Amino acid sequence: QLLATLVPGEKEVQSRDGSWYLMRILPYRTEENAVVGLVITFIGIDERRILQAALSYTQNIIDPLRESVLVLDQDLKVLSANRSYYQVFRSHDREVVGQHLYRIGNGQWAIPQLRELMENILPGNASFDNFPVEHDFPVIGKRRMLLNARRMYNELGEEKILLAIEDVTGQRRAQKLFAAKEEDKSEEG
């Protein structure tokens, strides 16, 4: 087929031993630009398929959660978000996935307290729980959020960060946590 159309092609194929490869087929051209054969290359993609499977597995776990969830890489770029995130923050995957955390939503997550947590506390502690953040988000307005984060590692040793965001605006539990935070601030000052 390629010889007839001269359109290069690629396909994922599996060997008998279970390994996965990206097979690419290109026309082989002489210096005179005559096609005299094909060049077939096989590139091992087992690690990529493992990563895709892990991301798919993670997405299937976080999608039904009511809390908004972001999966970040070690550089704080968004790998995925769940349905709740897109609904609550009224955004789409093309606006979020691949973006740095502090740049999504016109910088709505460039919150000083969150930056402190993600850059200074999380690397040393591997997690944080119920961190209260009050912020005026451009699209959804002023909200009180409880943030939870975990550092995770996959089979390849790559670091991922799971950031769960619970909107607790108006909930009594949140009022107690925010009051305790204000108390701590006044004791420090």
Side-chain angles (χ1 to χ4, degrees), residues 10 12-15 17-22 43-135 137-140 143-169 171 173-174 177 181:
E10 64 180 34
E12 290 185 5
V13 295
Q14 188 174 26
S15 67
D17 71 356
S19 298
W20 283 91
Y21 296 91
L22 179 63
I43 301 164
I45 58 170
D46 282 338
E47 289 181 9
R48 183 177 85 181
R49 288 187 61 90
I50 290 169
L51 180 59
Q52 287 171 336
L55 282 174
S56 176
Y57 180 76
T58 302
Q59 196 66 41
N60 287 331
I61 291 172
I62 67 170
D63 252 353
L65 299 177
R66 288 187 294 204
E67 285 182 330
S68 298
V69 178
L70 294 173
V71 178
L72 310 168
D73 69 9
Q74 62 191 13
D75 297 322
L76 302 181
K77 285 190 178 177
V78 179
L79 297 172
S80 66
N82 70 344
R83 258 187 309 229
S84 180
Y85 181 88
Y86 293 124
Q87 290 169 350
V88 169
F89 294 98
R90 300 179 190 145
S91 58
H92 303 280
D93 62 344
R94 65 184 174 276
E95 302 164 340
V96 176
V97 174
Q99 299 297 315
H100 192 279
L101 174 64
Y102 305 140
R103 290 194 182 113
I104 58 176
N106 293 321
Q108 69 186 5
W109 291 106
I111 303 167
Q113 304 119 308
L114 178 60
R115 191 178 287 262
E116 172 71 18
L117 282 169
M118 299 303 286
E119 295 173 9
N120 299 327
I121 296 171
L122 186 60
N125 293 339
S127 69
F128 60 81
D129 293 307
N130 294 321
F131 187 83
V133 170
E134 190 168 357
H135 187 69
F137 292 90
V139 176
I140 62 172
R143 293 285 195 265
R144 288 183 166 183
M145 305 283 186
L146 292 180
L147 306 178
N148 298 289
R150 297 280 180 281
R151 285 183 8 211
M152 309 175 300
Y153 297 90
N154 65 16
E155 298 85 8
L156 303 174
E158 298 169 325
E159 180 181 359
K160 304 289 181 258
I161 300 167
L162 190 66
L163 178 63
I165 306 153
E166 181 181 2
D167 185 350
V168 292
T169 306
Q171 294 180 11
R173 175 176 160 230
L177 286 167
K181 182 180 175 185

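Worth knowing before you read on, the calculation uses all heavy atoms, side chains too, and leaves out hydrogens, waters and symmetry mates. In this text the structure is predicted, and so the values were computed from the model without any measurement.
Residue Pro138 comes nearest to Gly105 through the heavy atom pair CG-O, 4.3 Å, listed as atom of the first residue, atom of the second, then distance. Asp63 and Ala81 get closest at one heavy-atom pair: OD1-O, 4.2 Å. When every heavy atom of Leu79 is checked against every heavy atom of Lys160, the shortest pair comes out as CD1-CD, 3.2 Å.
If you take CD on Gln14 and CD1 on Ile45, they are separated by 10.0 Å, rounding to the nearest 0.5 Å. Remark: Lys77 NZ to Arg103 CZ distance equals 8.0 Å, nearest 0.5 Å.
The shortest distance between side-chain heavy atoms of Val88 and Arg143 does not fall below 4.5 Å. Contact check for Leu114 versus Leu101: side-chain heavy atoms found under the 4.5 Å cut-off. Side-chain contact between Leu72 and Met118 is present, with heavy atoms from C-beta onward closer than 4.5 Å. Two residues are said to be in side-chain contact when any heavy atoms from C-beta on lie closer than 4.5 Å; Phe89 and Val139 fail this criterion. Using a 4.5 Å heavy-atom threshold, the side chains of Trp109 and Val78 count as separate. Inter-residue side-chain proximity for Arg151 and Glu159 is flagged as met; some heavy-atom pair is nearer than 4.5 Å. Looking only at side-chain heavy atoms (C-beta outward), Asn106 and Phe137 stay at 4.5 Å or farther from each other. Contact annotation: the side chain of Val96 approaches that of Leu70 to within less than 4.5 Å [non-hydrogen atoms, C-beta and beyond].
Between His100 and Tyr102, the ring-plane angle classifies as tilted under the 30° and 60° cut-offs.
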For this session: Under the side-chain contact (heavy atoms from CB on, under 4.5 Å) rule, what do Ile165 and Val69 come out as? Steps first, then yes or no, please.
Result: CA-CA 6 Å; Ile165 306 153; Val69 178; over 6 Å; no
For this session: Decide side-chain contact (heavy atoms from CB on, under 4.5 Å) for Tyr85 and Ile62; before the verdict, give the C-alpha distance in whole Å, the side-chain angles of both, and the deciding distance to 0.1 Å.
Result: CA-CA 10 Å; Tyr85 181 88; Ile62 67 170; over 6 Å; no
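The backbone N or O of Asp75 lies less than 3.5 Å from a partner atom in the side chain of Asp73, making a donor-acceptor pair. Using a distance-only test at 3.5 Å, with no hydrogens or angles considered, a donor-acceptor pair links the side chain of Asn82 to the main chain of Glu67. A donor-acceptor pair is defined here as one N or O able to donate and one able to accept, closer than 3.5 Å; no such pair exists between the side chain of Asp46 and the backbone of Ser19.
Scanning for salt bridge (Lys or Arg N to Asp or Glu O under 4.0 Å) contacts around Glu95 gives an empty result, with sequence neighbours left out. By the salt bridge (Lys or Arg N to Asp or Glu O under 4.0 Å) test, Arg150 pairs with Asp129, sequence neighbours left out.
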